[in-house]
Amino acid sequence: MKTRTVSSIIFSILIISNLFAQRNNNYKDIAGSAFLENSSYKLLERICDEVGGRFLGTPQNERAIEILKSELEKIGCTVKLEKFKVPGWVRGNDEVIMQIPAPLKLQAVALGYVNATPTFTAGVVYASYGFDEDYQNINAEDKIVLVTQEPPKGKEQILRYEAIDIAVKHKAKAILFINEYAGTINMAGVGNFKGTPTKIPAYSLTYEEGKRIQRLIERNIPVNVEITTKSFCKDVEPENVVVTFKGKVDGKIVVGAHIDSWDIAPGAIDNGVGSAILFDVARLLKKYNPDNYYTVELVWFNGEEIGLGGSTKYAEMHWNDKIIAMINMDMTGSPTGFNVMGFDEYKPFFENLIQSLNGFNLSDGVVSRPYTNSDHMPFMFEGIPTFTLQDHLDENMYKFYHDRGDSFDKVNKKYLSEAAAVVSIMVTSLSNDMNISYTKRNEKEMVDLFKKFGLDKRLKRQGEWKYKID
Ligand SMILES: [Zn+2]
């Protein structure tokens, strides 16, 4: 009896050490293949150049999904397209034309959910940062309000949707936002996070043209602008792209990246890179993590840019799945560490993982800095542990965010290989770790988490606070 126990212990140790060696070999294969057989760069080039802007509900969005699906099938993945319905928006042939003091068709971009209005002309008034108190000395009634997006001193920046509401309150006919950054950049974005038509037209102007109008107004030179808005709101029925690597037990790790981009932007960095890295993660997991203990589900979310549509719907549709953790990749660069987003119980797991990644510069280590406004949010709201990489992007990579300049030439191939290796190793490790289990935080714990990191205020301002507790 005794000998049998001893031999069975030895046998178990052998199995465990064998598994460990196996896993280490997998890591080497994954890292080697990520660099030597990188497949994300080519896919990204196709998506950025053959398709470009792939806004939710457009034929380009469908085309990007077709390319991704066929490439996934080529590497042997079974692809599921999960349809959902959300409020969408169609950009029309809008025009914002300065008439007085000199004619100029402005490089203006309507914000998402701006709805068609007949052409009108009005004088422009300047309302600084767009806060209520900035209207004290101006009469905005029936005027077009000009607002700067440069950060105000000693105050948090206004959200565009808040500035629109304040302009409406002061009876303005439209609002124009001066972009914060110079370089004739427009910053596309939504007019609100709810998917409802904005009450007045709202446009993003470039820094240069916006500043010119601001200077004219400050010199008391009247400025008249004519606005024609043809864009309109419309429900759309797009798809999330899902690839599942079934595990041996209940419990699932979700890894996501949004495939959609703004229409004006080729979306190389936001978020072509995340989507392309996820493609390489699919290839690497398929090849080197065939016996995953927990299920791994890779999801290319659609409609992140117009209010987290795809991830919100996915979280609703998969309400009953036991999601152990969600890993989000949005504008992913060269890995510098891991972010456990307030789920500090996972710190030891990631600290341990770093020990296996000696050649990567993970000098940020493991941080706990949750943030909002990307696809991890619907999971986080549910109390599901969410993680991202800490990473580095070069300045010219994020500067053109939501603009025409977010193009393929900005992409650094090496960053894609690094991130694909690190994320694939992270997922391999997580999906085979029998020490982790399915545990969700409850409402009270999530409220405490958001409050601890000061995110409750922003979520409330955006109208996204999900909890009954204040
Ligand atoms: Zn993004």
Side-chain angles (χ1 to χ4, degrees), residues 27 30-31 34-35 38 40 44 253-258 268-278 280-281 284 296 298-299 301 304 308 311 324-377 379-380 384-399 401 406 410-431 433 436 449-450 452-455 458:
Y27 291 0
I30 289 171
F35 282 90
N38 175 302
S40 49
L44 183 52
I253 315 284
V254 174
V255 193
H258 72 86
I269 306 300
D270 189 11
N271 180 36
V273 287
S275 294
I277 294 163
L278 192 58
D280 225 21
V281 170
L284 293 164
V296 177
L298 310 183
V299 192
F301 295 115
E304 190 267 356
L308 314 181
S311 50
I324 296 171
M326 193 273 171
I327 297 153
N328 186 23
M329 290 193 282
D330 194 357
M331 301 180 74
T332 305
S334 168
T336 58
F338 298 100
N339 186 351
V340 296
M341 303 258 202
F343 294 87
D344 290 9
E345 62 276 25
Y346 276 89
K347 270 187 172 173
F349 169 86
F350 285 103
E351 275 154 6
N352 196 27
L353 185 63
I354 287 179
Q355 306 304 316
S356 316
L357 298 164
N358 272 323
F360 295 90
N361 183 13
L362 303 176
S363 53
D364 284 350
V366 185
V367 304
S368 189
R369 284 180 211 143
Y371 55 84
T372 62
N373 296 51
S374 187
D375 286 318
H376 58 282
M377 286 313 291
F379 299 87
M380 205 168 173
I384 294 165
T386 53
F387 313 125
T388 65
L389 288 180
Q390 279 291 103
D391 54 1
H392 164 83
L393 285 173
D394 304 337
E395 197 195 336
N396 79 335
M397 291 175 146
Y398 55 78
K399 201 172 126 188
Y401 158 81
D406 186 7
K410 313 285 189 308
V411 176
N412 185 326
K413 193 194 263 185
K414 194 178 71 168
Y415 293 1
L416 295 179
S417 308
E418 288 172 355
V422 171
V423 171
S424 299
I425 289 172
M426 180 212 297
V427 175
T428 299
S429 182
L430 260 180
S431 64
D433 191 333
I436 63 164
L449 188 153
F450 285 121
K452 180 178 167 192
F453 292 96
L455 294 175
R458 178 164 182 137

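In terms of heavy-atom proximity, Tyr27 sits nearest to Ser429 at OH-CB, 3.2 Å. The two atoms that bring Asn328 and Gly256 nearest to each other are OD1-O, 3.4 Å, heavy atoms only. Closest non-hydrogen pair, Leu389 versus Ala419, comes out as CD1-CB, 4.2 Å. Here the closest non-hydrogen pair linking Gly274 and Met329 is O-CE, 3.9 Å. Closest approach of Ile436 and Ile324 over heavy atoms only: CD1-CG2, 3.9 Å. When all heavy atoms of Asn373 and Glu304 are compared, the closest pair comes out as O-OE2, 3.4 Å.
Residues meeting the side chain to side chain contact (heavy atoms under 4.5 Å, CB included) test with Asn339, sequence neighbours left out: Met341, Val367, Arg369, Tyr371, Thr388, Gln390. Remark: Thr332 pairs with no residue by the side-chain hydrogen bond (donor to acceptor under 3.5 Å, both in side chains) rule, at least two apart or across chains.
Interatomic distance, CG of Leu278 versus CG of Leu298, reported as 5.0 Å (0.5 Å rounding). Taking NZ of Lys410 as the reference point, atom CD of Glu395 lies at 12.0 Å (rounded to 0.5 Å). Met380 contributes atom CE, which lies 13.5 Å from atom CG of Asp375 (distance to the nearest 0.5 angstrom). Glu418 CD to Asn412 CG: the interatomic distance, rounded to the nearest 0.5 Å, is 7.5 Å. Interatomic distance, OG of Ser368 versus NZ of Lys452, reported as 6.0 Å (0.5 Å rounding). Put simply, CG on Asp280 and CD1 on Ile277 are 9.0 Å apart, with the number rounded to the nearest 0.5 Å.
Ser431 places a side-chain N or O within donor-acceptor distance of the main-chain N or O of Thr428, the cut-off being under 3.5 Å.
Residues Leu362 and Pro335 have side chains in contact (heavy-atom distance under 4.5 Å, counting atoms from C-beta outward). Between Asp270 and His258 there is a side-chain heavy-atom pair separated by less than 4.5 Å. Side-chain atoms of Ser356 and Ile425, non-hydrogen and from C-beta on, never get closer than 4.5 Å to each other.
Checked against the 6.0 Å centroid threshold, Phe338 and Tyr346 do not count as a close aromatic pair.
Screening Ser275, Ser374, Ser311 for a side-chain contact (heavy atoms from CB on, under 4.5 Å) with Phe301, the sole residue that qualifies is Ser311. Each of Phe343, Phe379, Phe349, Phe350 was checked for a ring pair (Phe, Tyr, Trp, His ring centres under 6.0 Å) with Phe387, and the lone residue meeting it is Phe350.
The number of heavy-atom neighbours closer than 6.0 Å to NZ of Lys399, taken from other residues, nucleotides and ligands shown, is 12 or below.
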Between Ile269 and Val411, does the side chain to side chain contact (heavy atoms under 4.5 Å, CB included) criterion hold? Intermediate values first, please.
CA-CA 7 Å; Ile269 306 300; Val411 176; 4.2 Å; yes
Carefully, step by step, assess Asp391 and Tyr415 under the rule side chain to side chain donor-acceptor pair (under 3.5 Å).
CA-CA 9 Å; Asp391 54 1; Tyr415 293 1; over 6 Å; no
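Between Phe360 and Phe35, the ring planes are tilted. Angles from 30° to 60° get that label.
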